[in-house]
Amino acid sequence: MSESNVKQLRRTRKGRIVGGVCSGIGEYVGIDANIIRIGLAIATLFGGMGVGLYAIGWLLIPEDGRNESIVQDLIGKQQAKKNDDVWQQ
């Protein structure tokens with residue numbers, strides 16, 4: 001199986017309203033993104049969990065065209081900075 005045939009979870013630019021999390025999950029799972037949006041809205045109304053889940057998805061799911069998520073990028077920058085500090089001492 002070639003790498004281009006592997007399905008990857010990504011935040012999409014097509015159909016995005018805020019960060020592309022719902023449209024990316026919808027494309028990955030094969031359902032309409034609006035169903036996911038409704039589910040998150042209901043979860044937000046009953047306890048506020050929807051906002052937290054969306055934020056976690058935004059931080060952990062890479063954007064289309066990128067290989068790293070926001071969290072992975074921040075960790076990589078922090079490690080690079082730490083390595084630079086070690087060499088400068």
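Given the structure is predicted, the values throughout are model-derived calculations rather than measurements.
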I'd like a table of donor-acceptor pairs (distance under 3.5 Å, sequence neighbours excluded) in which one partner is a side-chain atom from residues 47-54, with atom names and distances.
from: Tyr54; atom 1: OH; to: Gly19; atom 2: N; distance (Å): 2.8

**Prompt:** So, do Pro62 and Arg10 sit near enough that their side-chain heavy atoms are less than 4.5 Å apart?
**Reply:**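 Answer yes - side chains close enough.
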
**Item:** Side chains of Ser23 and Arg13 in contact at under 4.5 Å (non-hydrogen atoms)
**Value:**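 Counting from C-beta outward, Ser23 and Arg13 never come under 4.5 Å.
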
**Asked** Atom SG in Cys22, atom CD1 in Ile35: separation rounded to 0.5 Å?
**Response**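 Those atoms lie 11.5 Å apart.
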
**Request:** Any chance you could measure Thr44, atom OG1, to Arg37, atom CZ, to the nearest 0.5 Å?
**Result:**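 The distance works out to 13.5 Å.
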
Does one hydrophobic cluster hold both [X] and [Y], with members joined at side-chain heavy-atom distances below 4.5 Å?
| X | Y | answer |
| --- | --- | --- |
| Ile70 | Tyr28 | yes |
| Ile75 | Ile56 | yes |
| Ile25 | Ile38 | no |
| Leu9 | Val29 | yes |

**Request:** Write down the atom of Ser69, the atom of Leu60, and the distance for their closest heavy-atom approach.
**Result:**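 Heavy atoms of Ser69 and Leu60 come nearest at CB-O, 3.2 Å.
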
**Arg11 side-chain N/O to Gly24 backbone N/O, donor-acceptor pair under 3.5 Å** =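 Absent.
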
